[in-house]
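Reviewing the structure listed below.
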Amino acid sequence: MKKLLPILLLAVSANSIAANNFDTTAEKIKTALKSEIRTQAESDRDRNRKALQTLEFFGLRDDMKILELIPGGGWYTKILAPVVSDDGEYYAAVGTGRISDLSEQPGFEKVKIVAEDAKLYRKQGERFYSLEASSFGVKDLDMVLTFRNYHNFGEEGRRTMNRLAFEALKPGGVYAVVDHTARHMEQPNSANRRRVDPVLAIKEIQEAGFEFVDYSDLHYRADDELRYEVGVKSVTGNTDRWTMKFRKPK
């Protein structure tokens, strides 16, 4: 036991350091969540989206160089950008039109929009989007995050997105992905149009070169039967979502 004690103490110390490393980041996330720049509608989603726990799971730190892919209306942008503004860097790529004016707000001056020549479009007759881009225009990222966007793309678009994320990350960098859950191997239909089979996502993201690191059940919802389109009143805002962490090999 005496021989094991130093090892056990070292392990406890290492775990404590790892936990403490998130303390400063956690405080910045909490501050961002209370910011006046956020609308009431955005705040109303906090309980469901669990930003603090989600970003802790992904391993976000306030000194990271990160990219948010397809930020949409900026729900996560208003959290991520302030958290890394002092010691890290925030970039956004593809579908950034709705956050372009954020850079004029106090605390968001360092927001950088990249890959502005990327083309996000739907081919005639297609249900899902295609993506054309040579790169995200930034390298050596610590993390690429995308929330509820994987389902928007057809296979070609998803593979392009994964490839570009892989190229933009530094070795050891994290690819953080969240989306609405579809039944495994269920054929496309109107009810699963904005859902994604998590097994398919793992397969495609690994094929881009990533290692699968972990998943979280933070957004598991037992009462979402996976039968209805995510906009249906009975499930909207309470969908079952998969939350997965991948890493570019070192």
Side-chain angles (χ1 to χ4, degrees), residues 18 21-22 25-26 28-29 32-33 45-46 48-84 88-96 99 111 114-115 131 136 138-153 157-181 196 198-220 239-250:
N21 283 342
F22 186 69
T25 303
K28 290 184 177 181
I29 292 171
L33 286 168
R45 292 181 168 181
D46 290 349
N48 175 264
R49 294 190 172 178
K50 301 181 180 179
L52 178 63
Q53 298 94 321
T54 300
L55 295 174
E56 181 178 15
F57 167 72
F58 286 138
L60 180 74
R61 296 294 184 269
D62 63 342
D63 60 351
M64 283 184 168
K65 182 178 179 180
I66 67 173
L67 181 143
E68 185 181 5
L69 178 58
I70 317 175
W75 193 93
Y76 258 105
T77 308
K78 292 179 181 180
I79 300 168
L80 293 169
V83 167
V84 300
E89 298 175 46
Y90 172 90
Y91 298 85
V94 187
T96 58
I99 69 161
V111 167
V114 294
L131 175 62
F136 287 148
V138 61
K139 294 286 188 181
D140 298 320
L141 293 167
D142 293 293
M143 187 176 290
V144 172
L145 308 99
T146 189
F147 301 94
R148 303 170 308 282
N149 292 306
Y150 206 78
H151 69 259
N152 286 317
F153 295 94
R158 297 193 302 267
R159 291 190 181 279
T160 298
M161 179 170 68
N162 296 337
R163 174 179 59 80
L164 295 177
F166 188 87
E167 292 172 355
L169 284 162
K170 69 180 186 182
V174 169
Y175 189 27
V177 192
V178 178
D179 217 319
H180 306 288
T181 307
V196 179
V199 178
L200 175 64
I202 292 171
K203 176 179 179 293
E204 291 178 345
I205 294 171
Q206 285 181 322
E207 287 175 348
F210 286 100
E211 300 171 339
F212 177 71
V213 178
D214 202 359
Y215 74 95
S216 171
D217 61 1
L218 272 168
H219 303 110
Y220 169 69
T239 57
D240 182 75
R241 282 150 286 157
W242 46 263
T243 304
M244 297 193 293
K245 179 177 179 179
F246 299 86
R247 180 183 293 121
K248 181 175 180 176
K250 293 184 179 180

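Bear in mind the structure is a predicted one, so any value in this text is a computation, not a measurement.
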[X] side chain vs [Y] backbone, donor-acceptor pair below 3.5 Å:
X	Y	result
D62	T25	no
K50	L218	yes
T146	V177	no
W242	Y215	no

| query | Between L169 and F210, does a side-chain contact (heavy atoms from CB on, under 4.5 Å) hold up when you go through it step by step? | reply | CA-CA 11 Å; L169 284 162; F210 286 100; 3.5 Å; yes
Measuring from [X]:[atom1] to [Y]:[atom2], what's the distance to the nearest 0.5 Å?
X	Y	atom1	atom2	answer
F246	I202	CZ	CD1	5.5 Å
Q53	I29	CD	CD1	9.5 Å
K65	D142	NZ	CG	8.0 Å
M244	D214	CE	CG	11.0 Å
H180	N149	NE2	CG	9.0 Å

Non-hydrogen atoms of [X] and [Y] that approach each other most closely:
X	Y	result
G74	I99	CA-CG2, 3.6 Å
G95	P71	O-CD, 3.6 Å
Y175	A165	CE1-CB, 3.7 Å
I79	V83	O-CG2, 3.1 Å
R61	V84	O-CG1, 4.0 Å

| field | Parallel, tilted or perpendicular: rings of F147 and Y76 (30°, 60°) | value |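 Parallel.
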Just so I know, are the side chains of [X] and [Y] near enough to count as touching, which here means a heavy-atom distance under 4.5 Å?
X	Y	value
L80	L55	yes
V144	M161	no
E89	V138	no
T243	F58	yes
L69	Y91	no
F153	R159	no
T54	H219	yes
L52	F22	yes

| field | Verdict with supporting geometry, K139 and K170, side-chain contact (heavy atoms from CB on, under 4.5 Å) | value | CA-CA 7 Å; K139 294 286 188 181; K170 69 180 186 182; over 6 Å; no
| said: Could you walk me through whether R163 and L131 satisfy the side-chain contact (heavy atoms from CB on, under 4.5 Å) test, starting with their C-alpha distance in whole Å, then the side-chain angles of each, then the deciding distance to 0.1 Å, before giving a yes or no? | reply: CA-CA 11 Å; R163 174 179 59 80; L131 175 62; over 6 Å; no
| Are R158 and L200 close enough, and set up right, to give a side-chain contact (heavy atoms from CB on, under 4.5 Å), and what steps lead you there? | CA-CA 11 Å; R158 297 193 302 267; L200 175 64; 3.7 Å; yes
| message | Run the side chain to side chain donor-acceptor pair (under 3.5 Å) test against H151 and tell me which residues pass, sequence neighbours left out. | response |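 Residues passing side chain to side chain donor-acceptor pair (under 3.5 Å) with H151: D179.
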| query | Any cation-pi pair here, K248 with F166, using under 6.0 Å and within 45°? | reply |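 Verdict for F166: a cation-pi partner in K248.
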